[in-house]
There are 2 protein chains.
Amino acid sequence: MKSSISTTRKKEIIEGFYTLAREHGLENTSIAKIGKHLEIPPSLIMHYFPTKDILISHLIDYILDQYLKIYEPAIQELKEKKHADPKTFIDKLFSRDWNLLFDDGVFYSCFALIFRNKLIRKEYRKLHDRLREFLKDLLDKDENLKDRDTKVLAEQIFVVVEGAYYYLSMLDDEETYEQKVLLYKEQVYDLLRK
Amino acid sequence: MKSSISTTRKKEIIEGFYTLAREHGLENTSIAKIGKHLEIPPSLIMHYFPTKDILISHLIDYILDQYLKIYEPAIQELKEKKHADPKTFIDKLFSRDWNLLFDDGVFYSCFALIFRNKLIRKEYRKLHDRLREFLKDLLDKDENLKDRDTKVLAEQIFVVVEGAYYYLSMLDDEETYEQKVLLYKEQVYDLLRK
DNA sequence: AAATATATTGAACAGCCATTCAAAATTATA
DNA sequence: TATAATTTTGAATGGCTGTTCAATATATTT
């Protein structure tokens, strides 16, 4: 129980930060605004996060954690089965409910920070490498792929997924969106059966 | 000649903005700082760009223009030839000198704005669609691809390219970088000969 | 040369920014 | 219950933000 107030307050602050960043953008979210949102003085935020840089780096931890959590159910589900069909996972990757859980705006705003902050860059890299490794493990369970280089394959799949979401986020038209998703999904399937 | 001072000043301001954004980040670049950098009062900047939003939207025009310019030599060169080898173009896409001409940090910072600004989103989309259309035209000149859906193919290629650069920007290690580039390039080649 | 339009200056603005600090309230420890 | 540690408050800071405005300088048109 010791110092659990501290823990929950920190969590509360980060989540408030995330909420406001999602609504008004990362660059428009100040410590004072977070304070007002949570009905606490800004000095309390500074008490737990001595500088804004530190606050931001914790926001990034939170975001990357959330990002990973989206994969988690699929990961869990598929770990239990001995041999799983990667297609189930691919479908999840491209399913709509994914994006509903996660705000790409904040994600890319934070991503833009990797170019001037080595630590943030490393954190992003670590996350992406972990996802690739998981997919590799998954592919290794598929007998059809047993003579394939699954590490390379996992990488190629994620490159398509990441490029897909990058481009998809520019689209306004629902119909076009769905149509492109199908296309990219097919592209990943092709990689699997190559 | 009429009102050419206005034109060059505007250009100067935008380029100064870009330079500072590249150095210190978009969110850390203020009108006052641009003024100091160019040795002009901030009010002169406001004279040409009435609000910061307008200034930013012009920066984005500039960036997307630059982005397109990277492709231009290749586009020009290949347009002249009647039937061109797409591989030459792909190689250019993955060549190192590309990134030297362009700052991904500013590009992705601006990209993050598409999520809360429909106009910016549209501009980004337009650029990416133009590049896809160009590549399609290029692929259409290749006889080996004459029974392929080149529009789809161009899209698939760019998805790999964009996903590749997204992931590559997280890497610190030069050697790993080069190795991944080869891998992604191979992935695009596979699409061509599929 | 006068009148008009454009370009540039510099000072000033309120409002927000991250951050500091000392004091108070609350909780845990002895 | 006294002491110590943690949590919370509220007021204050200087510096930076985008923006306004009236005045001046320079260039263009009449």
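Please read these numbers as outputs of a predicted model, since none were measured by experiment. We name chains A, B, ... by the order of the sequence lines, and we start the count at 1 in each one.
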| remark: Of C:dT19, D:dT7, C:dG10, the nucleotide closest to the side chain of B:Pro41 is C:dG10
| request: Counting heavy atoms from C-beta on, name the nucleotide in C:dT9, C:dT19, C:dT20 closest to the side chain of B:Ser43. | output: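 The listed nucleotide nearest to B:Ser43's side chain is C:dT9.
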Can a side chain N or O of [X] be found less than 4.0 Å away from OP1 or OP2 on [N]?
X       : N      : value
A:Lys33 : C:dC16 : no
B:Arg9  : C:dT6  : no
B:Ser30 : D:dT17 : yes
B:Tyr48 : C:dT8  : yes

| task | Could you tell me whether B:Lys36 contacts a base, only the sugar-phosphate backbone, or nothing, with contacts defined as non-hydrogen atoms closer than 4.0 Å? | result | nothing
Separation of [X] atom [atom1] from [N] atom [atom2], in whole Å?
X       : N      : atom1 : atom2 : value
B:Ile45 : D:dT17 : CD1   : P     : 11 Å
A:Glu12 : D:dT8  : CD    : C1'   : 13 Å
B:His47 : C:dG10 : NE2   : P     : 16 Å
A:Ile5  : C:dA28 : CD1   : P     : 6 Å
B:Ile40 : C:dA11 : CD1   : C1'   : 17 Å
A:Glu27 : D:dG18 : CD    : P     : 12 Å
B:Lys52 : D:dT20 : NZ    : P     : 15 Å
A:Asp53 : C:dA18 : CG    : P     : 11 Å

| query | If each of B:Leu44 and A:Ala32 is mapped to the nucleotide of DNA chain C with the nearest heavy atom, which maps nearer the 5' terminus, i.e. the 5' end? | reply | B:Leu44
| task | Would you confirm whether A:Gln187, through its side chain, and B:Gln156, through its main-chain N or O, come within 3.5 Å as a donor-acceptor pair? | result | yes
| query | Hey, are A:Lys33 and A:Glu23 close enough for a salt bridge, meaning a charged N less than 4.0 Å from a carboxylate O? | reply | no
| said: For B:Glu133 and B:Arg130: C-alpha separation, side-chain torsions, deciding distance, then whether salt bridge (Lys or Arg N to Asp or Glu O under 4.0 Å) applies. | reply: CA-CA 5 Å; B:Glu133 275 159 33; B:Arg130 266 172 77 185; over 6 Å; no
| query | A:Phe134 and A:Tyr71: aromatic ring centres closer than 6.0 Å? | reply | no
| said: Using 0.5 Å steps for rounding, measure from the CD atom of B:Glu155 to the OH atom of A:Tyr184. | reply: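 Going from the CD atom of B:Glu155 to the OH atom of A:Tyr184 covers 4.0 Å.
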